[in-house]
Amino acid sequence: MRVLVCVKRVPAPGARIVLNEDRRSIDTALLGFAVSPHEECAVEEGVRIVEQHGGSVTVLTLGPPEAEEQIRAAFAVGVHAGARIEAGPEDPDPVATARAIASAVQGLEGAAGPFDLILFGNESADSGGYQVGIRVAHALGRPIVSGIKAIEIDDGAMTVQRPTPQGAEVYELPLPAAVAVREGINLPRYPTLKTRLSAKKTPIELVTTDAAEGGQRMIELVPPPEDTSSVQILGDGPEAAAAVVDVVEQLVSL
Amino acid sequence: MSAFVFLVEHDRGAIAETTLGGLRAAREVAAAARLDLHAAIPGTSGDALADEVATHGPAGIHLLHHELLDDYGPDAWAAGASQLADSLGATAVAATGTDRGNEVLAHLAAVRDEAMVANCLTVSVGADAWEMTRVRWGGSLHERSSLTGDLKLLTFAPHAREPEPVGAGDASTATFTPTLDAVHATTVVRDRTETAAGVTLATAPVVVSGGRGVGSAEGFAPLEALAARLGGVVGCSRVVTNNGWRPHSDQVGQTGTVVAPDLYIACGISGAVQHWVGMMNAKHVLAINTDAQAPMVTKADWAVVGDLETIVPAILAEIDRRHG
Ligand SMILES: Cc1cc2nc3c(=O)[nH]c(=O)nc-3n(C[C@H](O)[C@H](O)[C@H](O)COP(=O)(O)OP(=O)(O)OC[C@H]3O[C@@H](n4cnc5c(N)ncnc54)[C@H](O)[C@@H]3O)c2cc1C
């Protein structure tokens with residue numbers, strides 16, 4: 001099995017999101033960076049599939065040079081190869097992003113053979129456009145299902161499950177195929193010191209594309225209305241229990 | 001007048017809770033754009049929804065009939081909506097931004113090579129471009145975007161608008177049979193598994209939620225007891241699922257479940273934005289935290305400052321004392 005996982009580097013804000021003055025980006029001076037938990041799980045799933053069925057896992061990202069940090073994090077948990085599509089500090093729109101990824105995938109496949117499975121996160125943590133994986137799959141002529149929390153591969157066929165409030169929907173896809181996964185499909189492993197060190201040495205391929213934009217333009221980012229409610233402190237420690245039950249009794253019949 | 005198509009979401013005849021709110025948003029945008037609103041209902045199992053949909057103001061209702069639409073499939077639904085849009089000369093297609101709504105519109109966008117804007121809160125119609133505010137970061141940030149294209153594709157954030165029936169309505173109802181083939185069949189639901197019914201995290205009236213401050217899997221026992229006593233369920237933060245203390249199905253937040261209970265009790269949860277967007281629609285929030293400055297405390301309605309390990313059992317004891 002050859003598996004490809006697509007990830008996106010995003011800032012990891014804490015209690016508040018602070019915008020830069022241009023209102024087109026987040027102030028990341030004090031922030032770390034990560035990939036979405038969905039994509040962390042996609043990486044883990046790719047590694048597990050290859051552990052079970054043999055083969056190799058490649059990670060692909062579109063982003064600035066700093067995004068190689070996220071590729072190296074994937075190397076440290078078992079990914080074999082990595083490629084980065086050169087991009088500026090500002091995100092391209094979803095159409096251009098998907099075109100660039102599809103063209104990069106074709107390049108990677110031309111060099112080393114087709115991918116049996118392409119994994120995406122269900123939606124990026126920051127822009128949340130819910131479409132890049134689906135566009136890439138269509139451009140490559142492969143089926144894709146989103147929102148997946150279980151994958152089983154058996155003899156060239158794949159069964160995947162998407163949770164619903166009542167249970168789960170089951171889909172069957174022939175390989176090659178693509179899947180957009182959700183956090184919870186697995187519990188990602190932690191890297192070890194040894195894998196972290198060796199991850200520093202794995203080369204990362206650089207891909208350049210010139211993908212045309214689509215019809216969506218970001219104008220500016222807008223903080224949502226602030227929550228203005230003010231908290232009522234019911235007390236300190238266990239002595240506050242009576243005050244708690246007083247308010248709970250108004251909401252719940254006990 | 002040209003047409004605006006809204007895709008009505010249902011699961012084998014059961015209407016999706018947020019679809020009629022989206023239909024109302026679509027009606028308002030269609031009116032502003034001087035487009036006739038048409039509702040598309042995929043699959044014969046959706047036929048029975050036509051009367052209810054008619055009261056929400058579409059000019060036409062289209063029952064999409066094809067055996068590949070009998071159950072859900074993103075490619076089949078997208079192709080059905082796309083072909084209907086063509087037959088009506090539509091210039092816009094929308095749905096509510098649920099799992100299915102976003103998925104189908106993205107397939108439609110990919111096939112048509114058009115832009116698609118997910119989870120819009122407001123849309124203002126211009127001569128050429130439309131301008132929208134949309135949800136980013138699961139709701140902790142908004143974005144203003146513009147959209148151009150011959151076929152404008154968008155989803156409305158769930159609950160961006162609430163349903164508003166406009167009376168009996170005189171919508172014409174017609175059957176539309178799209179041309180679907182094996183490619184569309186590939187992604188149709190093949191089977192289902194059912195889990196035991198009961199109160200689910202998404203719909204529970206009370207959620208007793210624990211974060212890093214709970215300290216261990218065993219530490220959730222008092223939270224379980226409190227949730228049971230209040231007719232609710234246990235939720236948790238991502239730190240908790242990452243540590244393996246609770247299954248991911250208990251996680252509240254941007255990459256977990258979005259909840260809107262009457263009462264959300266946050267025990268030892270700091271209130272990071274990714275958690276907050278999962279429970280910000282709770283009607284009442286009670287925070288229990290050692291840190292009086294934690295965002296969850298300052299944003300809550302009520303808070304108790306202190307160690308949850310002693311406070312939660314004390315609350316349980318007080319309930320027992322009063323109610324036996
Ligand atoms: C893209 C992305 C998506 C994410 N999605 C989610 C998501 O869906 N859900 C989610 O929850 N997080 C999510 N996160 C993680 C999120 O950013 C936070 O890391 C996480 O919510 C913190 O969990 P916590 O509040 O339990 O832990 P902490 O932030 O460590 O807070 C622990 C709190 O417990 C208090 N405490 C400690 N001991 C006690 C005690 N004995 N009694 C009372 N209080 C005590 C502390 O004062 C503190 O406030 C996401 C992050 C990213 C980057």
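A, B, ... follow the sequence lines: proteins, then strands. Residue 1 opens every chain. Every heavy atom of this structure was used, including side-chain atoms; hydrogens, water molecules and symmetry mates were not.
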With a 4.0 Å cut-off on N to O distance, would you call A:Glu169 and B:Arg100 a salt bridge? yes
Practice item. Show your working on side chain to side chain contact (heavy atoms under 4.5 Å, CB included) between B:Leu230 and A:Leu254 and close with a plain yes or no. Key: CA-CA 7 Å; B:Leu230 300 179; A:Leu254 288 164; 3.5 Å; yes
- Query: Does CG in A:Asp22 sit with more than 12 non-hydrogen atoms of other residues, nucleotides or ligands closer than 6.0 Å?
  - Reply: yes
Given B:Gly306, B:Ser145, B:Ala106, the one with more heavy-atom pairs under 4.5 angstrom with chain A than any other is B:Ser145
Beyond-backbone contact of B:Thr193 with A:Gln161, side-chain heavy atoms, under 4.5 angstrom = yes
Counting heavy-atom pairs under 4.5 angstrom with chain A, the leader among B:Met280, B:Gln254, B:Arg321 is B:Gln254
Exceeds 12 heavy-atom contacts within 6.0 angstrom, atom CD of B:Glu194: yes
Measure the shortest side-chain to side-chain distance between A:Pro238 and B:Glu309 over non-hydrogen atoms and say whether it is less than 4.5 angstrom. no
Among B:Lys283, B:His142, B:His284, B:Arg190, the residue with the most heavy-atom pairs under 4.5 Å to chain A is B:His142
Cut-off 4.5 Å, heavy atoms of chain A, and the answer for B:His275 is neither
Cut-off 4.5 Å, heavy atoms of chain A, and the answer for B:Val188 is backbone
Scored by heavy-atom pairs under 4.5 Å with chain A, the best of B:Leu316, B:Thr298, B:Thr200 is B:Thr298
Give a yes or no on whether A:Arg23 atom CZ has more than 12 heavy-atom contacts from other residues, nucleotides or ligands under 6.0 Å away.
yes
With side chain to side chain contact (heavy atoms under 4.5 Å, CB included) as the criterion, how do B:Asn119 and A:Tyr130 come out once you've worked through the C-alpha distance, each side chain's angles and the decisive distance to 0.1 Å? CA-CA 9 Å; B:Asn119 291 320; A:Tyr130 289 84; 3.4 Å; yes
Assert top hit (heavy-atom pairs under 4.5 Å, partner chain A, pool B:Ser270, B:Ser140, B:Pro295, B:Gly244) equals B:Ser140
Rounding to 0.5 Å, atoms OG (B:Ser249) and NZ (A:Lys149) come to a distance of 6.5 Å
Between B:Met116 and A:Arg135, is any pair of side-chain heavy atoms under 4.5 Å apart? yes
One option among A:Val248, A:Val95, A:Val244 has the most heavy-atom pairs under 4.5 Å with chain B, and it is A:Val244
Requested in this report: Compare all side-chain heavy atoms of B:Val304 with those of A:Asp236 and state whether any distance is below 4.5 angstrom.
Outcome: no
dist B:Arg112:CZ -> A:His138:NE2 (nearest 0.5 Å) comes out at 13.0 Å
Interface check, chain B: of A:Met218, A:Arg99, A:Glu220, A:Arg24, most non-hydrogen pairs under 4.5 Å belong to A:Glu220
If you tally heavy-atom pairs under 4.5 Å between each of A:Ala98, A:Ala15, A:Ser36 and chain B, the highest tally belongs to A:Ala15
Please check: side-chain N/O of A:Arg182 versus main-chain N/O of B:Gly256, any donor-acceptor pairing under 3.5 Å? no
Of B:Ser146, B:Gly139, B:Ala118, B:Ala115, the largest count of non-hydrogen pairs under 4.5 angstrom with chain A goes to B:Ser146
Whatever's closer than 4.5 Å to a heavy atom in chain A on B:Leu286 counts as side chain
Self-check item: Flag side-chain contact, heavy atom, 4.5 Å: B:Asp99 against A:Ser146
Solution: no
If one checks every heavy atom of B:Thr255 against chain A at 4.5 Å, the contacting part turns out to be both
Bottom line for B:Arg238: the part with an atom under 4.5 Å from chain A's heavy atoms is side chain
Applying a strict 4.5 Å limit to non-hydrogen atoms, the region of B:Asp71 in contact with chain A is neither
Bottom line for B:His107: the part with an atom under 4.5 Å from chain A's heavy atoms is both
Highest number of heavy-atom pairs under 4.5 Å with chain B among A:Val170, A:Ile233, A:Val136 belongs to A:Val170
dist B:Met132:CE -> A:Ile219:CD1 (nearest 0.5 Å) comes out at 9.5 Å
Whatever's closer than 4.5 Å to a heavy atom in chain A on B:Val183 counts as neither
message = Is the shortest side-chain heavy-atom distance between A:Ile26 and B:Trp137 below 4.5 Å?
response = yes
Max heavy-atom pairs within cutoff under 4.5 Å with chain B, candidates A:Gly167, A:Gly215, A:Ala243, goes to A:Gly215
Bottom line for A:Leu19: the part with an atom under 4.5 Å from chain B's heavy atoms is side chain
CG (A:Leu173) and OG1 (B:Thr187) are apart, to the nearest 0.5 Å, by 7.5 Å
With heavy-atom distances below 4.5 Å as the criterion, would you say the side chains of A:Pro174 and B:Thr186 are in contact? yes
| said: Under 4.0 Å between a side-chain nitrogen and a carboxylate oxygen: does that hold for A:Glu249 and B:Arg322? | reply: yes
Value for CG (A:Leu251) from CG (B:Asp262), rounded to nearest 0.5 Å, stands at 7.0 Å
Of the listed A:Arg16, A:Glu123, A:His38, A:Glu213, the one with the largest count of heavy-atom pairs under 4.5 Å with chain B is A:His38
Applying a strict 4.5 Å limit to non-hydrogen atoms, the region of B:Ala202 in contact with chain A is neither
Worksheet entry | Heavy-atom side-chain contact between A:Val222 and B:Arg144 under 4.5 Å | yes
Distance col, row A:Glu183:CD vs B:Thr241:OG1, nearest 0.5 angstrom, shows 5.5 Å
- Check: A:Gln166 main-chain N/O paired with B:Thr195 side-chain donor or acceptor under 3.5 Å: yes
Okay, B:Val189 and chain A: the region with an atom under 4.5 Å from a heavy atom over there is both
If one checks every heavy atom of B:Asp191 against chain A at 4.5 Å, the contacting part turns out to be both
Okay, B:Glu114 and chain A: the region with an atom under 4.5 Å from a heavy atom over there is backbone
Closest non-hydrogen contact found for B:Leu141 with A:Pro224 is CA-CD, 3.8 Å
With no hydrogens and no angle check, just 3.5 Å: does a side-chain donor-acceptor pair link B:Glu103 and A:Gln131? no
Hey, does the side chain of B:Arg134 reach the backbone of A:Ser127 with a donor-acceptor pair shorter than 3.5 angstrom? yes
